[in-house]
There are 2 protein chains.
Amino acid sequence: MHPDYEPITGRPAEIALAARRLIAERGFEGLRTRDIAARVGINVATLHYHVPSKEALIELVARSLRDDFVAQNVTRPRKHLPALDQLRLEFLDFRETLVETPEIFIVMTELTERARRDEKVKAVVGPMLAFAHGELARILALGSEEGTFRADLDPEAGALMIFGTMVATQRSPRRGPELFDRACAELLRSVQAQPPESGLAT
Amino acid sequence: MHPDYEPITGRPAEIALAARRLIAERGFEGLRTRDIAARVGINVATLHYHVPSKEALIELVARSLRDDFVAQNVTRPRKHLPALDQLRLEFLDFRETLVETPEIFIVMTELTERARRDEKVKAVVGPMLAFAHGELARILALGSEEGTFRADLDPEAGALMIFGTMVATQRSPRRGPELFDRACAELLRSVQAQPPESGLAT
DNA sequence: CGACCTCAATCAAATGATTGATGGAGCGTC
DNA sequence: GACGCTCCATCAATCATTTGATTGAGGTCG
């Protein structure tokens with residue numbers, strides 16, 4: 001039914017990895033089949049043996065990225081945790097990927113742009129984004145129920161806000177873990193319900 | 001000193017406009033000098049007469065975008081308004097550009113990506129982003145001072161949050177004015193200080 | 001042998017850029 | 001006004017490379 005649901009292995013996986021790095025370095029604009037083959041250490045013809053066309057190659061990259069995405073989202077027995085903790089864990093996940101494999105975000109951004117004009121890519125990228133977005137919305141809705149987060153929080157809009165902020169920290173000229181942490185802290189303050197009366201200031 | 005500070009006019013302006021539309025449609029990846037020339041209605045050689053190389057062309061596009069950006073940011077006698085009103089006006093500006101010339105955002109995104117690898121583009125795009133970011137931070141800081149916005153608001157992080165959210169509404173699969181408005185409403189709730197005690201709920 | 005994988009060589013199309021020539025507007029001189 | 005001159009803008013034709021893809025000939029391992 002969905003043959004593309006099996007994880008990518010072997011040569012195709014090597015090709016996808018090399019392609020991802022090249023995309024991160026030069027964007028789709030500068031992506032050349034020859035360069036990919038060279039980086040894998042194989043002949044161009046061999047590359048075409050495994051991946052019929054450049055279009056298919058880009059789809060392969062998208063699926064390879066999805067593999068990573070799925071891998072990170074399987075082992076997470078956290079739905080029973082309080083919303084605040086779940087949100088913090090989301091931030092941690094993001095932060096980890098951010099410092100360990102920043103290439104993933106660059107490629108993801110490029111793919112998201114490309115999805116605008118490429119249906120095949122959209123079919124792979126769209127559900128990923130929708131899932132991430134949905135998870136955030138779910139956490140926010142849960143937090144509102146708990147009373148931890150604001151009661152007037154719009155889960156959908158809030159999810160968009162969180163996601164957008166995470167991406168923006170990436171794109172910012174002064175990006176880096178420090179800025180990311182400040183943004184996360186600000187997000188937490190933004191969604192949390194204020195403590196009834198802590199101490200009266202001013 | 002800075003010859004590129006004069007606004008673009010004449011043929012170069014026509015070329016930049018055509019290029020922008022093509023970039024919005026196909027991205028840098030699919031940008032061809034021939035196509036641009038054809039859309040302007042001139043010969044490829046004529047295009048190269050006005051713009052020496054493709055690299056210079058992309059820089060031209062960046063400067064053309066900056067012209068628009070500057071044009072929108074000159075006539076704004078609003079620094080005396082309350083922070084909340086200023087922020088609302090920022091949202092309105094964004095919304096207007098969003099519905100009237102959505103192409104601008106697509107091209108801006110592409111350029112921001114490209115700025116990562118192209119110093120010339122970065123030199124044009126960087127200051128624009130910094131300015132927009134700075135304006136938002138200024139408004140947030142003002143609002144905190146006024147007491148309209150939260151006292152614990154981090155202006156830098158908040159600006160990033162607002163900017164990121166605006167961009168995210170663009171990229172979202174269900175993008176559109178309706179989602180944008182919801183996001184803006186959520187942002188306002190996020191930064192505003194809560195009214196001391198409205199009426200006790202629950 | 002046959003399935004799977006690899007490569008050197010080559011192709012055809014696409015693509016950024018150049019060349020050499022043409023027409024016209026402005027301008028001073030006769 | 002006519003002539004010659006220069007600059008600007010334009011174009012048809014062409015070039016040199018790049019680039020995605022193919023071909024046909026192995027090679028390895030069970």
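The analysis underlying the following values was restricted to heavy atoms, covering all of them including side chains, and did not include hydrogens, waters or symmetry mates. Below, read A as the first sequence line, B as the second, and so on, with proteins coming before strands; counting in each chain starts at 1.
Between D:dG20 and A:Arg32, a contact under 4.0 Å exists linking OP1 or OP2 to a side-chain N or O. The shortest distance between the side-chain N/O atoms of B:Thr46 and the OP1/OP2 oxygens of D:dC11 is below 4.0 Å.
The side chain of A:Thr33 has D:dG20 as its nearest neighbour among D:dG20, C:dT18, D:dA21. Listed nucleotides: D:dG20, C:dC5, D:dA12. Nearest to the side chain of B:Asn43: D:dA12. Residue A:Arg11 has its side chain nearest to C:dT6 when only C:dT6, C:dA17, D:dC11 are considered. In the set D:dT10, D:dA21, C:dT18, the nucleotide with an atom closest to the side chain of B:His48 is C:dT18.
Atoms CG (B:Leu47) and P (C:dT18) sit 12 Å apart, rounded to a whole Å. Put simply, CD on B:Glu29 is 20 Å from P on D:dT18, counting in whole angstrom units. The CG atom of A:Leu22 sits 15 Å away from the C1' atom of D:dT19 (whole-angstrom rounding). Rounded to a whole Å, the CG atom of B:Asp35 is 11 Å from the P atom of C:dA14. Straight-line distance from the CZ atom of B:Arg34 to the C1' atom of D:dC11: 14 Å, rounded to whole Å.
Judged purely by distance below 3.5 Å, without hydrogens or angles, the side chains of A:Gln192 and A:Thr148 never pair a donor atom with an acceptor atom. With 3.5 Å as the limit, one finds a donor-acceptor pair spanning the side chains of B:Thr97 and B:Gln72.
Cation-pi geometry between B:Arg95 and B:Phe180 is not satisfied (NZ or CZ under 6.0 Å from the ring centre, within 45° of the ring normal).
Looking at B:Gln86, its side chain does come within 3.5 Å of a backbone N or O of B:Lys79 through a donor-acceptor pair.
Remark on DNA chain D: of its neighbouring residues B:Tyr49 and B:Ala45, the 5'-side contact belongs to B:Tyr49, judged by nearest-heavy-atom nucleotide.
Residue-level contact check: A:Ile36 touches neither bases nor backbone, having no heavy atom under 4.0 Å from any strand. Nucleic acid contact for A:Leu31: sugar-phosphate only, since backbone atoms but no base atoms lie under 4.0 Å from a heavy atom of the residue.
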Quick one, A:Glu90 with A:Arg78, criterion salt bridge (charged side-chain N to carboxylate O under 4.0 Å, His left out). Give me CA distance, side-chain angles, the key distance, then yes/no. CA-CA 10 Å; A:Glu90 291 291 330; A:Arg78 52 170 78 161; 3.6 Å; yes

